[in-house]
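In what follows, a single structure is set out as structure tokens and then discussed.
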Amino acid sequence: MKPKAIADVDCSTGEGPLWHPDEKALYWLDIPNGYLYRYDPATGEHERCFEGPPIGGFTLQSDGALLLFMAKGAIAIWRDGRELETIVEEIPAERDTRFNDVIADPAGRVFCGTMPLRDRPAHLYRLETDGTLSLVLSDVGLSNGLGFTPDRRGMYYTDTRKQRIYLFDYDETTGIIDNQRVFVEVPATPGEGHPDGMTVDAEGFVWSARWDGHCLVRYDPEGREVQRVMFPVPKVSCVTFGGEDYTDMYVTTASAGNRDKEGPLAGALFHLNLGIKGVPEFRSRVALK
């Protein structure tokens, strides 16, 4: 099955697709414009449901709300039709940048990365359920896609500028990650692009989106490429599983504000079903009473 554009939205940087099983809907972002979109597969319709500062990622909370990670290190809870509930007003070290890609862990914490500055690398933080932040990694090229191994003992982490997906040992009890090693190194050759957002399927295989690579790449647990799905646009940014049985794959793309260059469907939300099953993403439990 070839990817099909299901929401022809010109997202400058479409990102962060996440299935909401309570609503049976798919949410995703246009990062720099601060847009949050929602797609209803039952009707095939989509809508812009929030507009604010740039949003680098979000998680689904255990109560069904969305936890937004925004510019300047701001973090807030979003509930449709209500005002944002601020958890973190800003991170002083991130005042001139923003978050980029986040993931809830099995214990309800959130690992949240940032974009680099011209004179400073990116960071990876861990947000505890009580709203406190810890700096986990401080020498990151560009923080990107994350995922967990099925046994919950490993965490994948993408550094786009270093062309690598790393694998860490992960302790669910403490949230500590260590023993960093390279899981995949993407060749820095024309056409291969750069590793971006990712997810892990029910078999424990890793799906990595390729920015400027026109594709999704599936890796087995040893880091060997086993499948490549091509797209009609170059900037493939992220992927998630959803639907009733989690065999629907939703993929975001980016136009970078220039569809004339990137293609007429650049920035659209795509769907495909390869008969491969995913798993629900973990939910965050941050600042919930």
Side-chain angles (χ1 to χ4, degrees), residues 1-60 66-71 76 78-81 84 98-102 115 144-145 160 193-194 196-199 207-216 229-243 248-273 278 281:
M1 180 178 179
K2 292 183 179 180
K4 177 184 178 182
I6 54 173
D8 187 9
V9 180
D10 182 2
C11 288
S12 182
T13 307
E15 257 286 6
L18 188 61
W19 178 253
H20 197 313
D22 306 349
E23 300 181 9
K24 296 181 173 56
L26 188 283
Y27 284 86
W28 82 103
L29 301 168
D30 184 353
I31 290 179
N33 289 313
Y35 297 158
L36 176 68
Y37 289 98
R38 177 168 48 209
Y39 171 78
D40 182 352
T43 64
E45 297 180 351
H46 65 274
E47 62 177 330
R48 186 191 303 168
C49 47
F50 176 76
E51 180 177 348
I55 308 168
F58 66 97
T59 60
L60 175 61
L66 301 186
L67 189 63
L68 308 183
F69 292 76
M70 300 178 289
W78 177 83
R79 295 181 174 87
D80 199 2
L84 289 181
R98 62 167 171 81
F99 281 112
N100 192 63
D101 221 327
V102 305
M115 294 290 287
N144 228 312
T160 299
H194 314 286
D196 203 327
M198 61 156 288
T199 194
W207 290 86
S208 176
R210 290 281 185 86
W211 183 274
D212 282 335
H214 290 84
C215 66
L216 288 176
V229 180
M230 302 305 296
F231 281 72
V233 296
K235 292 178 169 55
V236 183
S237 55
C238 198
V239 55
T240 196
F241 285 90
D248 291 301
M249 299 177 72
Y250 295 98
V251 183
T252 51
T253 66
S255 72
N258 189 350
R259 274 190 162 184
D260 289 340
K261 176 185 176 184
E262 303 294 334
L265 290 176
L269 175 71
F270 287 81
H271 168 268
L272 70 158
N273 190 315
E281 295 290 344

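We number each residue from 1, following the sequence as shown. No experiment lies behind these values; they were computed from the predicted model shown.
Heavy-atom minimum distance, Val233 versus Leu265: CG1-C, 3.5 Å. When all heavy atoms are compared, the tightest approach of Val236 to Thr253 is CA-CG2, 4.3 Å. Trp78 and Cys49 make their closest contact through CZ2-O, 3.6 Å (heavy atoms, listed as atom of the first residue, atom of the second, distance). The two atoms that bring Cys238 and Gly197 nearest to each other are SG-CA, 3.8 Å, heavy atoms only. For the residue pair Arg38 and Ala25, the shortest heavy atom distance occurs at CG-CB, 4.0 Å. Here the closest non-hydrogen pair linking Ala76 and Met70 is CB-CE, 3.8 Å.
At least one side-chain heavy atom of Leu60 sits under 4.5 Å from a side-chain heavy atom of His20. Side-chain contact check for Pro41 versus Lys24: every heavy-atom pair is 4.5 Å or farther apart. With a 4.5 Å cut-off on side-chain heavy atoms, Trp19 and Asp248 do not count as touching. Proximity of Leu29 to Leu36: side-chain heavy atoms (C-beta onward) are separated by under 4.5 Å at one or more points. Proximity of Ile31 to Arg98: side-chain heavy atoms (C-beta onward) are separated by under 4.5 Å at one or more points. Using a 4.5 Å heavy-atom cutoff, the side chains of Val9 and Tyr35 are not in contact. Considering only heavy atoms from C-beta on, Ile6 stays 4.5 Å or farther from Leu26 through its side chain. In this structure the side chain of Asn144 reaches within 4.5 angstrom of the side chain of Glu15, judged on heavy atoms.
We find the CG-NZ distance between Asn273 and Lys4 to be 12.5 Å, quoted to the nearest 0.5 Å.
Listed by chain and number, the residues in a side chain to side chain donor-acceptor pair (under 3.5 Å) with His194 are Gln163 (sequence neighbours excluded).
When atom types are taken as modelled, the side chain of Asp30 and the backbone of Ser12 share a donor-acceptor pair closer than 3.5 angstrom. One N or O on the side chain of Ser237 and one on the backbone of Thr252 form a donor-acceptor pair closer than 3.5 Å. Side chain of Arg259 to main chain of Ala266: a donor-acceptor pair is present (N/O by atom type, distance under 3.5 Å, no hydrogens or angles).
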Chi angles and distances behind the side chain to side chain contact (heavy atoms under 4.5 Å, CB included) call for Phe241, Trp207: CA-CA 10 Å; Phe241 285 90; Trp207 290 86; 3.8 Å; yes
Verdict with supporting geometry, Leu269 and Tyr37, side chain to side chain contact (heavy atoms under 4.5 Å, CB included): CA-CA 10 Å; Leu269 175 71; Tyr37 289 98; over 6 Å; no
Stepwise side chain to side chain contact (heavy atoms under 4.5 Å, CB included) check, Trp28 with Thr240: CA-CA 10 Å; Trp28 82 103; Thr240 196; over 6 Å; no
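A centroid separation of less than 6.0 Å is found between the aromatic rings of Tyr250 and His271.
In this structure, a donor-acceptor pair under 3.5 Å is present between the side chains of Glu281 and Thr199.
A salt bridge links Lys235 and Asp212; the closest N-O separation between the charged side-chain nitrogens and carboxylate oxygens is under 4.0 Å.
Between Phe231 and Phe270, the two ring planes are perpendicular [angle over 60°; tilted spans 30° to 60°].
For the side chain to side chain contact (heavy atoms under 4.5 Å, CB included) with Phe69, the lone residue among Asp101, Ile55, Asn100, Thr59 that qualifies is Thr59.
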